[in-house]
Amino acid sequence: MFLLFKYFKNYKLRVFFTTIIKIIGTLLELAIPLILQYILKTVIKNVINNPDPYGNYDITPVILYGLLMVLCAFLFVVFNVIANRMASKTSTLIVEEERNKLYKKIMNLTLKDIDDITIPSLVSRLSTDTYYLYNSLNTLQRLGIRSTFLFIGGIIVCSFLDVKLTLVFYALAPIVLILILIISKIGIRLFTKIQNKGDSLVRVVRENITGARVIKALSKEDFERNRYNKLNKEIFDLEIKSSYPMTLLNPIINYILNIAMCAVLVIGAYEVTKTDLDVATVIAFISYFTIISNSIVSISRIFEQVSKGYASALRMKYVLDIKVEHIKNTPRYSDAFIEFRNVSFSYNKNGENAITDINFKINKGESLGIIGSTGSGKSTILNLIMGFYDYFSGDVFILNQDIKSLNLKDIAEASSAVLQTDILFNQSIKENLIFDKDISDDEIIKVLKDTDAYEFVSKFPDGINHVIAAKGNDLSGGQKQRLLIARAILQNAKILILDDSSSALDYKTDAIIRKNIKKYDITTIIVAQRVSSVMNQTKIIVMDDGKEIGYGNHDDLLKLCKEYKLIYDVQMGDDSNA
Ligand code: ADP
Ligand code: MG
């Protein structure tokens, strides 16, 4: 709960002024019944006691005090509106800042953390949870301050009016507060559950949308629909369950308050007849009772809102608190530009190894080809070179240095990659290629020519300023790959990584692009299923089931690695002119 108050830390002044304005408004609201009491008890008595010589009453004072009540009511509304606008602005500023922090953090998470939390959950933490946080911060400032002051101020004024009647409140307050606390505790728990289930729903929907073609092709619609319906039903049931305590709260509190109201009336009636308590005071007291009752009901509503915001704040905090830690060793060097020494790695701490005992070395400007069946560990080797995971055993060197002694920024800038999952964005080709880098159009066009992409790009009326559809869906697979390779080259990194990124290109284009890449001073790693794509690289690794079953140049492998020879014979027999 206090977690929520921490958010106001940088906005103390704004919150302070909001509070002051709210308090003035609340005091005006509290003054109204007092004025009423004064009119009933004193003003009217004076008017009755002082008729003019003709026996008429001058009711001007009553009207004036009545106008004073109207003025208080008017100003109270004005102050409230001003304070509420300030509160909304403050909440917007805070949530904006938190969202940015969260976004930056997510961008810096390691793949391992993203795998753990899952992408849909991160998305809903950025959207739904920030929304609930906004609501709760808003409620705290708008209703929280007002209700608390109405409650406390009301009880104080009542104590001055009549102590005996006020005792009813003192008896009541603890019961109601305990009730609110218990119910909001249950609420928070159920609400967190709903949020987490919501993540799964987002995931299923997302998978269904992105995988729509696959689902249709495999006639999996019914299966997917059931999966969605089941989750939806679970969330529905949870929502119903979590609404029970909250919906019970208001009637129970109203019930208790009504009993108390009866008590006040009975005690009031008794005292008016037996003591010097006057009717005007009882009427004022009942007005305050209504004010205090309403404030209790809105405090319970605040708890509901704040419980949701708190659950969301915890979910956001969980991500923000993840330590993006990078084990930093004292620098060690290799004579090779990129080297793996006895590297083994498993994605899950105790799971099966994705790669086992990998060794290779390449010098600056040389190239490495990796070939092997799907799931043999090719992409995993690339993940380690790019520094996505650092809990491997053995040694990885890039830029001649132990990767664990480099800082994250250097690792990130060392390589640029075309990965199997890479996408193009709904922006112009130029923006897609250079992001926010400052690169001249001539240079872009040169690289596009080298990646054999300029031919189709120049056909667009607006050339490189042509805006492509989301994910590049209006381009062919081969066109996308050409642009992605151009993008990777334009990043001007020292290492270029191509993960199966020429699969949609014909042999000839693939060969031309590979030849052109050699013009750039860049160390290249090419993962491919085709021998033709790797055979001209300085070194080649043949992977099978996470193990390196062949390592050397093309000629070595033809002699020494029978699997490589087999792939070569089969593929080159198919297409001998490649
Ligand atoms: P390739 O690129 O050769 O097709 P990968 O390197 O992607 O193969 O995968 C090697 C093994 O590691 C496979 O068994 C695969 O299921 C597993 N694997 C790949 N990525 C992950 C991941 N993010 N989490 C867990 N296991 C993974
Ligand atoms: Mg792969």
Side-chain angles (χ1 to χ4, degrees), residues 106-123 199 203 206-207 210-211 214 322 324 338 340 342-360 367-394 396 398 403 411 415-423 477 480-481 484-485 488 495-505 510 524-535 537 539-551 557 561 563-564 566-567 571:
I106 290 174
M107 287 303 161
N108 280 319
L109 288 181
T110 59
L111 282 189
K112 166 91 174 88
D113 294 321
I114 295 178
D115 288 348
D116 284 351
I117 303 174
T118 74
I119 290 175
S121 177
L122 288 172
V123 171
D199 289 349
R203 198 193 66 228
R206 218 179 84 116
E207 283 173 6
T210 50
V214 181
I322 293 175
V324 184
I338 304 178
F340 270 43
N342 310 321
V343 177
S344 298
F345 174 75
S346 161
Y347 285 95
N348 312 307
K349 285 262 146 59
N350 303 314
E352 208 179 313
N353 274 358
I355 51 174
T356 307
D357 205 17
I358 303 298
N359 288 283
F360 69 85
S367 55
L368 176 75
I370 309 177
I371 190 166
S373 56
T374 41
S376 60
K378 304 184 297 293
S379 300
T380 304
I381 295 179
L382 303 181
N383 286 341
L384 296 190
I385 295 175
M386 291 183 283
F388 288 163
Y389 302 89
D390 63 3
Y391 47 95
F392 51 84
S393 68
V396 172
I398 63 167
I403 198 168
I411 298 174
S415 54
S416 62
V418 181
L419 303 180
Q420 286 162 311
T421 47
D422 272 357
I423 52 169
K480 268 188 272 187
Q481 289 187 337
L484 287 169
I485 297 173
I495 304 169
L496 175 68
I497 289 173
L498 304 176
D499 191 354
D500 220 354
S501 43
S502 58
S503 55
L505 302 177
D510 183 20
T524 315
I525 302 180
I526 298 179
V527 164
Q529 308 267 358
R530 293 184 196 151
V531 172
S532 65
S533 302
V534 296
M535 58 189 273
Q537 313 310 319
K539 292 279 168 56
I540 303 161
I541 298 178
V542 186
M543 293 293 295
D544 183 34
D545 198 19
K547 291 185 197 68
E548 189 178 311
I549 55 168
Y551 174 58
L557 287 172
C561 179
E563 290 84 356
Y564 185 81
L566 188 68
I567 307 172
Q571 291 187 358

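None of the values given here were measured: they were computed from a predicted structure. Order of appearance sets the numbers: ligands from 1, and atoms from 1 within every ligand. Quick note: numbers below take in every heavy atom, side chains included, and nothing from hydrogens, waters or symmetry partners.
When the heavy atoms of S379, G375, S376, G546 are ranked by distance to atom 14 (O) of ligand 1, first place goes to G375.
In this model, no donor atom of one side chain and acceptor atom of the other lie less than 3.5 Å apart for T380 and Y389.
Under the 3.5 Å distance criterion, the side-chain polar atoms of E563 are left unmatched by any main-chain donor or acceptor of G550.
In terms of protein heavy-atom proximity, atom 27 (C) of ligand 1 is closest to Y347 CD1, 3.2 Å. Atom 23 (N) of ligand 1 has D115 OD2, 3.5 Å as its closest protein atom, hydrogens excluded (heavy atom only).
Of the polar atoms of G377, at least one N or O is found under 3.5 Å from an N or O of ligand 1, judged by distance alone.
For the pair L419 and M386, the minimum side-chain heavy-atom distance is below 4.5 Å. Side-chain atoms of I549 and Y564, non-hydrogen and from C-beta on, never get closer than 4.5 Å to each other.
Residue A354 approaches ligand 1 through these ligand atoms, each under 4.0 Å from one of its heavy atoms: 11 (C), 12 (O). Less than 4.0 angstrom separates some heavy atom of T380 from each of these atoms of ligand 1: 5 (P), 6 (O), 9 (O), 10 (C). Remark: ligand 1 atoms within the under-4.0 Å shell around heavy atoms of S373 are 3 (O).
Here the shortest heavy-atom pairing between S346 and Y391 reads O-CE1, 3.4 Å.
Distance remark: protein heavy atom present below 4.0 angstrom from atom 1 (P) of ligand 1.
Residue contacts to the Mg ion (ligand 2): T380 brings no N, O or S atom closer than 2.8 Å.
The pair D510-R530 counts as a salt bridge, with a side-chain nitrogen and a carboxylate oxygen less than 4.0 angstrom apart.
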